[in-house]
Amino acid sequence: IGDTGAFSFHPRKAITTGEGGMITTASEKLDGILRAIRDHGATTSDHQRHHGARPYILPEFPYLGYNFRMTDIQASIGSTQMDRAKEIHDKRSYWASRYDEFLSTIEWIQTPFRHKDYEHGYQSYVCLFDPENANNGQIEKVNTERNKFMDYLQKEGISTRPGTHAVHMLGYYKEKYGFENNDFPNAYAADQCTITFPVYPSMSEEEFNYVKEAILNYKLSY
């Protein structure tokens, strides 16, 4: 889709190598440039040189490049995970469905949107906290209560995270461009009012039920 596609292999992702990422492209020109840029700007890789007729000849460096090469160990981890990609996806989808089932009974949690024509990857299970007030602009009120809820779960040994950052609220962009939080209200709400619940392929029934009971036992303070 488009000239290039970017994929993250951060530990939180469904397929991970521990860090780093991948770019895909159907363009031969971009393919050559990208491969060179990741390897100090060299047009010939170490692998190509060592298996060529004159491995002692140093490569040309027509581009300003970086040391973005993935290690062999990272690659082997990613390759093995790709062999299990369907299993990983199916298990994530299973636990997401279990969350959908019981969270549908809690009016102050809005579960992730499922499009009928697409399959969700569930890299994360991100919910909107108190959607009624969040959608009515009561962001600070919702944020305070969401943080209380996250503190409560943390004390129960359950890790959660906000669902996302709003770029315009990050220090660099906020200072450079003079953004105000309400300049982008939907992004502001997503930053302040979302919560990510644990979902991972090796999750056990016991672990899921523990998280479930903790969530069901929480009562809003307002």
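None of the values given here were measured: they were computed from a predicted structure. Residue indices begin at 1 and follow the sequence shown.
Although no hydrogens or angles enter the test, the distance criterion places a donor-acceptor pair under 3.5 Å between the side chain of Asn217 and the main chain of Glu213. With Asp191 contributing its side chain and Ala187 its backbone, the two residues share no donor-acceptor pair below 3.5 Å. A donor-acceptor contact shorter than 3.5 Å is absent between the side chain of Tyr188 and the backbone of Gly137. Glu87 places no side-chain N or O within donor-acceptor distance of the main-chain N or O of Arg84, the cut-off being under 3.5 Å. In this structure, Asn135 contributes its side chain and Pro131 its backbone to a donor-acceptor pair below 3.5 Å.
Between Ser159 and Pro198, the shortest heavy-atom contact is O-CG, 3.3 Å. Across every non-hydrogen atom of Ile77 and Thr16, the tightest pair is CG2-O, 3.6 Å. Nearest heavy atom pair, residue Gly78 against residue Thr17, reads CA-CG2, 3.6 Å. Between His120 and Pro112 the shortest heavy-atom distance is NE2-CB, 4.2 Å. Closest non-hydrogen pair, Ile158 versus Ala214, comes out as CD1-CB, 3.6 Å. For Ser124 against Val199, the heavy-atom pair with the smallest separation is C-CG1, 4.3 Å.
Between atom NZ of residue Lys141 and atom OG of residue Ser221 there is a gap of 9.0 Å, rounded to the nearest 0.5 Å. Atoms CD and OG, from Gln110 and Ser104 in turn, are 12.5 Å apart once rounded to the nearest 0.5 Å. Remark: Arg92 CZ to Ser97 OG distance equals 13.5 Å, nearest 0.5 Å. Rounding to the nearest 0.5 Å places OH of Tyr66 at 5.0 Å from CG of Leu64. Atom CE of Met22 and atom CG of Leu34 lie 12.5 Å apart (nearest 0.5 Å). With values rounded to the nearest 0.5 angstrom, Ser79 atom OG is found 13.5 Å from Gln74 atom CD.
Of the candidates Tyr94, Tyr200, Trp95, Trp95 is the only one forming a ring pair (Phe, Tyr, Trp, His ring centres under 6.0 Å) with Phe208. Screening His10, His89, Arg12 for a side-chain contact (heavy atoms from CB on, under 4.5 Å) with Gln123, the sole residue that qualifies is Arg12.
Between Ile106 and Leu216 the shortest side-chain heavy-atom distance falls below 4.5 Å. The side-chain heavy atoms of Arg146 and Asp130, taken from C-beta on, include no pair separated by under 4.5 Å. Within the 4.5 Å cutoff, side-chain heavy atoms of Lys13 are placed close to those of Ser8. Counting heavy atoms from C-beta on, the side chains of Asn209 and Glu205 come closer than 4.5 Å. Between Asp3 and Leu30, some side-chain heavy-atom pair lies under the 4.5 Å cut-off. In this structure, Glu145 and Phe129 have side chains that are in contact, with non-hydrogen atoms separated by less than 4.5 Å. Put simply, the side chain of Ile215 reaches to within 4.5 Å of the side chain of Phe102, judged on heavy atoms. Residues Arg69 and His40 meet the side-chain proximity criterion, which asks for heavy atoms closer than 4.5 Å.
A single hydrophobic cluster is seen to contain both Leu103 and Tyr210, as judged by linkage of ILVMFWY side chains at heavy-atom distances under 4.5 Å, directly or through other members. Residues Phe113 and Ile109 are members of separate hydrophobic clusters, defined by side-chain heavy-atom contacts under 4.5 angstrom among Ile, Leu, Val, Met, Phe, Trp and Tyr. Put simply, Ile23 and Tyr63 are part of two different groups of oily side chains (I, L, V, M, F, W, Y) that touch within less than 4.5 Å, one to the next. At a threshold of 4.5 Å between side-chain heavy atoms, the hydrophobic network of Ile, Leu, Val, Met, Phe, Trp and Tyr places Phe68 and Met70 in two separate groups. Linking Ile, Leu, Val, Met, Phe, Trp and Tyr whenever their side-chain heavy atoms come within less than 4.5 Å leaves Tyr177 and Met169 in two separate clusters.
Salt bridge absent: Asp39 and Arg35 never bring a charged side-chain N and a carboxylate O closer than 4.0 Å.
The neighbour count for Asn67 CG, taken as heavy atoms of other residues, nucleotides or ligands under 6.0 Å away, is above 12. Residue Glu156 places its CD atom among more than 12 non-hydrogen atoms of other residues, nucleotides or ligands, all under 6.0 Å distant. Atom OH of Tyr172 has 12 or fewer neighbouring heavy atoms from other residues, nucleotides or ligands inside a 6.0 Å radius. Atom CZ of Arg161 sits in a sparse spot, with 12 or fewer heavy atoms from other residues, nucleotides or ligands closer than 6.0 Å. The environment of CD in Glu60 is sparse: at most 12 heavy-atom neighbours from other residues, nucleotides or ligands sit within 6.0 Å. Surrounding CD of Glu140 are at most 12 heavy atoms belonging to other residues, nucleotides or ligands under 6.0 Å away.
Aromatic rings from Tyr173 and His168 are positioned such that their centres are separated by 6.0 Å or more.
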Task: Stepwise ring pair (Phe, Tyr, Trp, His ring centres under 6.0 Å) test for Trp108 and Phe149 - done: CA-CA 11 Å; Trp108 44 271; Phe149 180 49; 5.4 Å; yes

- [ ] For the pair Thr160 and Thr196, evaluate side-chain contact (heavy atoms from CB on, under 4.5 Å) and give the outcome as yes or no after the intermediate values.
- [x] CA-CA 5 Å; Thr160 59; Thr196 303; 5.9 Å; no

- [ ] For the pair Asp151 and Asn147, evaluate side chain to side chain donor-acceptor pair (under 3.5 Å) and give the outcome as yes or no after the intermediate values.
- [x] CA-CA 6 Å; Asp151 286 339; Asn147 292 346; over 6 Å; no

TODO: List the steps and the verdict of side-chain contact (heavy atoms from CB on, under 4.5 Å) for Met203 and Val211.
DONE: CA-CA 11 Å; Met203 195 173 200; Val211 175; 4.3 Å; yes

Task: Evaluation steps, side chain to side chain donor-acceptor pair (under 3.5 Å), between Asn133 and Gln138 - done: CA-CA 5 Å; Asn133 283 307; Gln138 302 295 312; 5.9 Å; no

Open item on the list: For Thr111 and Tyr99: C-alpha separation, side-chain torsions, deciding distance, then whether side-chain contact (heavy atoms from CB on, under 4.5 Å) applies.
Closed with: CA-CA 8 Å; Thr111 57; Tyr99 272 116; over 6 Å; no

Open item on the list: Assess the residue pair Asn181 and Gln192 against the criterion (side-chain contact (heavy atoms from CB on, under 4.5 Å)); give the C-alpha distance rounded to whole Å, side-chain angles, the decisive distance to 0.1 Å, and a yes or no.
Closed with: CA-CA 10 Å; Asn181 291 344; Gln192 298 287 290; over 6 Å; no

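Between Tyr118 and His115, the ring planes lie perpendicular to each other; the angle is over 60°, past the 30° to 60° tilted range. Classified by interplanar angle (parallel below 30°, tilted 30° to 60°, perpendicular above 60°), the ring pair Phe197/Tyr125 is tilted.
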